[in-house]
There are 2 protein chains.
Amino acid sequence: MKAVVMRAPGDVVVEEVDTPRVAQPTDVVLKLAAACVCGSDLWPYRGHNDVDHRRMGHEYVGTIVEKGEDVATLEVGDFVIGSFMLSDNTCEICQAGYQSRCVNAGEYTGSQAQYMRVELADGSLVKVPGGEPSDPDRLADYLAASDVLGTGWYAAVAAQAGPGKTIAVVGDGAVGLCAVLAAKTLGAEKVIVFSRHEDRAALAREFGADVVIAERGEEGAAQVRELTGGYGAHGVCEAVGTQGSMDQALASVRPGGYVGFVGVSHDQTLDGSDLFGREIHLEGGPAPVRRFLPELIERIQSGEIQPGRVFTARMPLDDAAEAYRAMDERREIKVLLEV
Amino acid sequence: MKAVVMRAPGDVVVEEVDTPRVAQPTDVVLKLAAACVCGSDLWPYRGHNDVDHRRMGHEYVGTIVEKGEDVATLEVGDFVIGSFMLSDNTCEICQAGYQSRCVNAGEYTGSQAQYMRVELADGSLVKVPGGEPSDPDRLADYLAASDVLGTGWYAAVAAQAGPGKTIAVVGDGAVGLCAVLAAKTLGAEKVIVFSRHEDRAALAREFGADVVIAERGEEGAAQVRELTGGYGAHGVCEAVGTQGSMDQALASVRPGGYVGFVGVSHDQTLDGSDLFGREIHLEGGPAPVRRFLPELIERIQSGEIQPGRVFTARMPLDDAAEAYRAMDERREIKVLLEV
């Protein structure tokens, strides 16, 4: 079968590899319906993380074509969405809603491929009622739920988005845009997004952003305060992962407020005295998408949210190298790979 | 009147100063019933903070002897407890429960004195039903509520102490001990305290600690995991403020768990990648004692809690220098100053 491999930073190819088979009794093998490139795939692409012939892809929707003998809740033929972090969904950490930190976390082969093997299938995958959609836009919605929507949702929940709240979002990539969508869907009164790219700002507005701020740093934070009676945002979603984005988030939130940080953290340092003095709630990490998947599937099926709109381009799997380039050069927000 | 002044690190004296008078219409002047030395007073005493002839003391109970014309809810003769942070209790930050970050925060003169002036009296002080107690132990309980109990309470609330939870406490000073008392009173199933001092460990046990751990670092954290099925504590109260104590707290909490940090932060640095990878909730700062005072007064009056037991010595105000020495040398947990 075909699979996307990153041989080195900037060097993405489609290779012929062995089709995966069930290896553990709790495994399934999926025939993928679609895959995509993630903003976090750009960290190794740009040389910020080591990479050596890595199979790529962690977002996926597909149909079960083979299952291990211990898989109890899923059947061959089921159309499923999975989280990018695998979980048994039974340990205390999972039961508390942190499936992304499951103590028995499983592994998968890359999803930018025709097939993938998924461990801990019962605890990681959620069956989509009604099966694989014929509508390609609905398929894109489901694919988004696997990571970027679930991650943005987690950021908004951690930021305590809800009625009466003003939520600011730092980051206008697919996750930041999904955080806007999540905050608004969860009832936030006012959603503010930091963006300097007109295409992204436009989609943010369609997803529910009330205000777009182009300024950054203290100037940007001052605008947030101006929009909130001088207090700062009730909650901020940090969806980039750099020192600058974290500083922007901390500067934009009110005392006693909430920062949900979901951008993959790179070389961020936080000053204890500053956190102490500003009394901010901080919560973040790889999103426990599994916690939110049933609710997200329902909201997609009801038509309440269309997160698949973050995919601004579709390309065949064979064009994966171009998909990476398009995202690296910020020509596209997110690229769907047709498998 | 007499007041305690720190002239320089290690140099505490009792000086004759002007008795304060109401200066703003929202002020009151209190005749103090008792004062005390705080662990945080030891930071400047030990030279970690600059100090130059500073009037000391921020914990207080006393009787109103003069009030400004805008003070609406309190009367001369009322016996009151105040938070160490003054608040209007009406701004959005106060209303959200973060009175310690009130946007109109007021000031006070030092409480290690015979009288003190308190700004924003309506928003900062809570009248004690029944007036000044004749029982010196009850007086000590009320005095403790002004800071160390309220601060330990905040740490326990931030750590999500409650039924079914295992809560670890880093720090066996008065605040750490009050965090133990708070966690247990809030219903925690198991309370673990890190302590190497038998007198402090003994009081911790009386306050409800189920386990005392003498080991520190990774060895101490491993013991917490052993006591919690390998997961780590549900929540940790950090009540010291050093890098070591914060690292101990982060190492002892389970993924997805909660760290409430109330030790005054000194030169702490947090690594963003570590926080991201471990998915810990972090909340801390100067405690919003005002939020908890009405509840704390009720629990003291019902006899449910006796936080005043953290005072292991009583000395006259004139002996303030010895009180500081006794705490600096860890001979006493906390010293009450009889005014």
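In what follows, chains are A, B, ... by sequence order, proteins preceding strands, each numbered from 1. Remember, it's a predicted structure, so these values are computed and weren't measured experimentally.
- Contacts of A:D274 with chain B are absent, with no heavy-atom separation under 4.5 Å from either backbone or side chain.
- For B:E107, the CD atom is loosely surrounded, since the number of other residues' heavy atoms within 6.0 Å does not exceed 12.
- Here the straight-line distance linking atom CE of B:M246 with atom CZ of A:F276 works out to 9.5 Å at 0.5 Å rounding.
- To the nearest 0.5 Å, atom CD of residue A:E283 and atom OH of residue B:Y258 are 6.0 Å apart.
- For the options B:P286, B:S100, B:G284, B:S273, heavy-atom pairs under 4.5 Å to chain A are most numerous at B:P286.
- Note that the CG atom of B:D271 and the OG1 atom of A:T269 stand 6.5 Å from one another [nearest 0.5 Å].
- When each of B:I93, B:L275, B:V103 is checked for heavy-atom pairs under 4.5 Å with chain A, B:I93 comes out on top.
- Summarising the geometry of B:S265 relative to A:G272, their closest heavy-atom pair is OG-C, 3.1 Å, with the distance given to 0.1 Å.
- For A:C91, the parts sitting under 4.5 Å from any heavy atom of chain B are the backbone and the side chain alike.
- For the set A:V259, A:D267, A:L282, A:V262, the count of heavy-atom pairs under 4.5 angstrom toward chain B peaks at A:L282.
- The contact between A:I280 and chain B is made entirely by backbone atoms, counting heavy-atom distances below 4.5 Å.
- With hydrogens and angles ignored, the 3.5 Å screen pairs no side-chain donor or acceptor of A:Y98 with any backbone N or O of B:P255.
- Within 6.0 Å of the CD atom in A:Q95, the count of heavy atoms belonging to other residues, nucleotides or ligands exceeds 12.
- At a threshold of 4.5 Å between non-hydrogen side-chain atoms, the residues A:E92 and B:H234 count as touching.
- Of all heavy-atom pairs spanning A:E279 and B:P288, the tightest one is OE2-CD, 3.7 Å.
- For A:V264, the parts lying near chain B are the backbone and the side chain together; criterion is any non-hydrogen pair under 4.5 Å.
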